[in-house]
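This report concerns only the one structure given below.
As a basis for the values below, the full set of heavy atoms in this structure was taken, side chains included, without hydrogen atoms, waters or symmetry mates.
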Amino acid sequence: MPLIGYARVSTEDQTPLPQSEALQIAGCVEIFEEHASGGNRARPVLARVLERVQIGDTLVVVRIDRLARSLSHLLEVIESLEAKGAFFRSLQDPIDTSSPQGKFTLQVLGAAAEFERALIRERTKAGLASARAKGRVGGNPGLSAKDPVALRKVRLARQDGYMERLNETAQDWVPHVRRLRPDMAWEDVLQIINGPLPHDRRWTQSRLLRAVKAYVRDGFLPDEVLGRAGRRETDDRLPAIVAAIKGSDPDITLQAICDRLESMRERTPRGRTSWQPSSVRMLLERAERLGLLVRQMD
């Protein structure tokens, strides 16, 4: 199984070299290095690594904290790897999802996280009940009085909470938006984003636009992604979509592209009941002639 290494340090003053050397000794065929805070889930190199992994690959880190600073983020990354048929290993922690012991450790971590959330909910309920029994009414007096300072604090807190939730899902949509917009219409970008995602994590166009605008506002995405998409000839649409799928995963097979197009409910160009590798190859060749794809086919 190909081992793919990920090394991270927080600042430019630090060096990921010791991590990279340990990953190389462990047998990693590729090693990705990143300078970024562990609290930031929208890390471009990490997003690229998670796009790169394929079925049978193993993502390797020296320690868990090099990948994630919270249990929820760690479990989220591992779930995304499992959805691709890939595995996760930490050299200095007892986690290797390709082994029964590693899967058991992961299940224990997940159960511990759920137990912690349950305790927090119970403590919160008990605290509110105790306050009510003492005659204290919850709420923010400043909000009741419509104080501008209190209103601004609440608005900023909600905005921070929204951005935190966006950061948790950034790996699903940010790379696609950065790569495909404004050359491709939002409807098609949305289909490509939703293709590999489970049903409960799929985006609506309005939610995606709101998220993109928030990232543009904070400088995480360039203004150009919000530009108007140019009119595309009808015959060019399918080649553009197939080229986008191929561009996000250069090693993807023709059959896997067929499966992705089936999940997107795209109609076949020849009126067939299902997509065939020969049709995908034809569209890839047309995409290359249109300048939409650098030739990477065999």
Subject >> Cationic N near anionic O, under 4.0 Å, Arg41 to Glu168 >> reply: yes
Subject >> Backbone of Ala256 reached by a side-chain donor or acceptor of Thr253 within 3.5 Å >> reply: yes
**OP:** Verify side-chain contact (heavy atoms from CB on, under 4.5 Å) between Leu283 and Ile241, making sure each step is shown before the conclusion.
**Re:** CA-CA 9 Å; Leu283 290 172; Ile241 291 175; over 6 Å; no
Original post:
Has the side chain of Gln19 got a donor or acceptor atom that lies under 3.5 Å from a matching backbone atom of Pro16?
Top reply: no
Subject >> CG-CG distance between Asp223 and Leu226, expressed to the nearest 0.5 angstrom >> reply: 7.0 Å
**OP:** Would you please say whether a donor-acceptor pair under 3.5 Å links the side chains of Gln92 and Ser90?
**Re:** no
**OP:** Could you tell me whether the side chain of Arg178 and the main chain of Leu221 form a donor-acceptor pair under 3.5 Å?
**Re:** no
Original post:
Is the side chain of Arg202 donor-acceptor paired with the backbone N or O of Leu190 at a distance under 3.5 Å, no angle test?
Top reply: no
Original post:
At what distance, to the nearest 0.5 angstrom, does CH2 of Trp275 lie from CD1 of Ile257?
Top reply: 10.0 Å
**OP:** Quick one: list whatever passes salt bridge (charged side-chain N to carboxylate O under 4.0 Å, His left out) with Glu79, sequence neighbours left out.
**Re:** none
**OP:** State whether the number of non-hydrogen atoms from other residues, nucleotides or ligands found under 6.0 Å of Gln24 atom CD is greater than 12.
**Re:** no
Original post:
Roughly how far, to the nearest 0.5 Å, is CG of Asn194 from CG of Leu208?
Top reply: 8.5 Å
**OP:** Determine whether Leu59 and Phe32 fall in the same hydrophobic cluster, where Ile, Leu, Val, Met, Phe, Trp and Tyr are linked whenever their side-chain heavy atoms lie under 4.5 Å apart.
**Re:** yes
Original post:
Are any non-hydrogen side-chain atoms of Phe87 and Val53 less than 4.5 angstrom apart?
Top reply: no
Original post:
Which of these, Val61, Asp96, Leu23, Ile25, sits in a side-chain contact (heavy atoms from CB on, under 4.5 Å) with Leu91?
Top reply: Leu23
Original post:
Can you name the residues that form a salt bridge (charged side-chain N to carboxylate O under 4.0 Å, His left out) with Arg63, not counting sequence neighbours?
Top reply: Asp65
Subject >> Step-by-step salt bridge (charged side-chain N to carboxylate O under 4.0 Å, His left out) determination, Asp57 to Lys84 >> reply: CA-CA 9 Å; Asp57 290 348; Lys84 286 190 166 188; over 6 Å; no
Original post:
If two hydrophobic side chains count as joined below 4.5 Å and joins carry through other members, does Leu17 share a cluster with Val60?
Top reply: no
Subject >> Nearest-0.5 Å distance, CD1 of residue Ile252 to CD of residue Gln54 >> reply: 8.5 Å
**OP:** Taking atom CD of Glu164 as the centre, report whether more than 12 heavy atoms of other residues, nucleotides or ligands fall under 6.0 Å from it.
**Re:** no
Original post:
Taking atom CD1 of Ile64 and atom CD1 of Ile95, what is their separation to the nearest 0.5 Å?
Top reply: 3.5 Å
**OP:** Return yes if some donor-acceptor pair links the side-chain N/O of Arg48 with the main-chain N/O of Pro175 below 3.5 Å, else return no.
**Re:** no
Original post:
Partners of Arg210 by side chain to side chain donor-acceptor pair (under 3.5 Å), sequence neighbours excluded?
Top reply: none
**OP:** With rounding to the nearest 0.5 Å, note down the distance linking CH2 in Trp203 to CG in Asp172.
**Re:** 7.5 Å
Original post:
Side chains of Thr97 and Glu82: do they bring a donor and an acceptor to under 3.5 Å?
Top reply: no
Original post:
Given side chains that start at C-beta, do those of Tyr215 and Met163 come closer than 4.5 Å, heavy atoms only?
Top reply: yes
